[in-house]
Amino acid sequence: QVQLGESGGGLVQAGGSLRLSCAASGRTFSRYGVGWFRQAPGKEREFVAVISWSGDSTDYEDSVKGRFTISRDNAKTTVYLQMNSLKPEDTAVYYCAADLWGRNQVLSDEYESWGRGTQVTVSS
């Protein structure tokens, strides 16, 4: 398994941008699909975006399409989530997760490894 750590969260005004990073340890990182999930207070954890282990396929939750972009740099064992045009409803703790040989997995139960999360707060 890989160990994951998120960074890049913070407080931003509506319309602003943040780039989250998910840094992974382990030499097998390139074998893992990586997803981003988020959980707002009082709500269930929900899928946000995913990139396949090969990097050739991505998928997004409908409300973030056109605003968020997921990418990966295997040389740096890092996956990024670029978030633009942020809205107050994007406020949540954001988690990254890894799924061995994963391709566009949107179900959180299928992921083997999770980070501890990073807080994103968007003010109106």
Side-chain angles (χ1 to χ4, degrees):
Q1 288 188 340
V2 293
Q3 278 77 52
L4 305 174
E6 303 92 339
S7 63
L11 173 63
V12 64
Q13 288 188 330
S17 298
L18 286 173
R19 187 177 80 158
L20 304 184
S21 298
C22 173
S25 65
R27 291 176 289 180
T28 60
F29 173 73
S30 61
R31 302 176 187 176
Y32 286 82
V34 175
W36 284 95
F37 294 79
R38 66 187 179 186
Q39 188 166 20
K43 294 188 176 181
E44 299 273 322
R45 186 176 297 184
E46 66 174 359
F47 165 76
V48 175
V50 62
I51 187 165
S52 64
W53 68 270
S54 57
D56 63 349
S57 182
T58 59
D59 196 11
Y60 299 89
E61 193 268 329
D62 284 346
S63 70
V64 308
K65 285 180 180 176
R67 301 188 298 124
F68 291 10
T69 303
I70 190 171
S71 62
R72 67 187 298 154
D73 184 339
N74 286 344
K76 296 183 178 179
T77 64
T78 300
V79 168
Y80 303 98
L81 184 67
Q82 179 67 44
M83 306 187 296
N84 299 328
S85 302
L86 283 162
K87 304 175 181 180
E89 51 263 43
D90 294 317
T91 295
V93 177
Y94 284 70
Y95 301 88
C96 64
D99 173 29
L100 185 62
W101 303 119
R103 289 191 65 83
N104 294 11
Q105 179 58 253
V106 302
L107 299 177
S108 60
D109 288 349
E110 299 299 315
Y111 285 81
E112 296 99 18
S113 301
W114 289 82
R116 294 186 175 184
T118 186
Q119 176 71 48
V120 171
T121 303
V122 184
S123 63
S124 57

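Side-chain contact check for Phe68 versus Trp36: every heavy-atom pair is 4.5 Å or farther apart. Under the 4.5 Å side-chain criterion, counting only non-hydrogen atoms from C-beta, Met83 is not in contact with Asp90.
Between the side chains of Asn104 and Ser57, at least one donor N or O sits under 3.5 Å from an acceptor N or O.
Looking at Thr78, its side chain never comes within 3.5 Å of a backbone N or O of Asp73 through a donor-acceptor pair. Of the possible polar contacts, none joining the Ser52 side chain to the Gly33 backbone as a donor-acceptor pair under 3.5 Å is found.
For Arg67, the CZ atom is densely surrounded, since the number of other residues' heavy atoms within 6.0 Å is greater than 12.
Ring-plane geometry between Trp53 and Trp101 is classed as perpendicular, the angle between the planes exceeding 60 degrees on a 0 to 90 degree scale with a lower cut at 30.
Atom CG of Leu100 and atom CD of Glu112 lie 5.5 Å apart (nearest 0.5 Å). One distance of note links CD of Gln119 with CD of Gln39; it measures 11.0 Å at 0.5 Å rounding. Distance check, rounded to the nearest 0.5 Å: CG of Asp62 to CZ of Phe47 gives 9.5 Å. Going from atom CG of Leu81 over to atom OG1 of Thr118 covers 11.0 Å, rounded to the nearest 0.5 Å. From Gln105, atom CD reaches atom CG of Asp59 across 10.5 Å, with rounding to the nearest 0.5 Å. To the nearest 0.5 Å, atoms CZ (Arg45) and CH2 (Trp114) are separated by 4.5 Å.
For the residue pair Arg103 and Ser54, the shortest heavy atom distance occurs at NH1-OG, 3.2 Å. Residues Ser124 and Ala14 approach most closely at CA-CB, 4.4 Å, considering heavy atoms. Minimum interatomic distance between Val120 and Leu18 (heavy atoms only, all atoms of both residues): CG1-CD1, 3.9 Å.
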Let me check something: any side-chain donor-acceptor pairs from residues 1-8 under 3.5 Å, sequence neighbours excluded? List them with distances.
| from | atom 1 | to | atom 2 | distance (Å) |
| --- | --- | --- | --- | --- |
| Gln3 | OE1 | Ser25 | OG | 3.1 |
| Glu6 | OE1 | Arg116 | N | 3.0 |
| Glu6 | OE1 | Gly117 | N | 2.8 |
| Glu6 | OE2 | Cys96 | N | 2.9 |
| Glu6 | OE2 | Gly117 | N | 3.2 |

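Note: the hydrophobic cluster containing Phe37 does not contain Val122 (ILVMFWY, side chain heavy atoms under 4.5 Å, direct or indirect links). No path of Ile, Leu, Val, Met, Phe, Trp and Tyr side chains, each step under 4.5 Å between heavy atoms, connects Tyr111 with Val34, placing them in separate hydrophobic clusters. Follow the hydrophobic side-chain contacts under 4.5 Å out from Tyr94 and you reach Val64 in the same cluster.
A cation-pi contact links Arg19 to Tyr80, judged by a cut-off of 6.0 Å to the six-membered ring centre and 45° from its axis. A cation-pi contact links Arg72 to Phe29, judged by a cut-off of 6.0 Å to the six-membered ring centre and 45° from its axis.
Residue Tyr60 forms a side-chain contact (heavy atoms from CB on, under 4.5 Å) with just one option from Val48, Thr69, Val50, and that option is Thr69.
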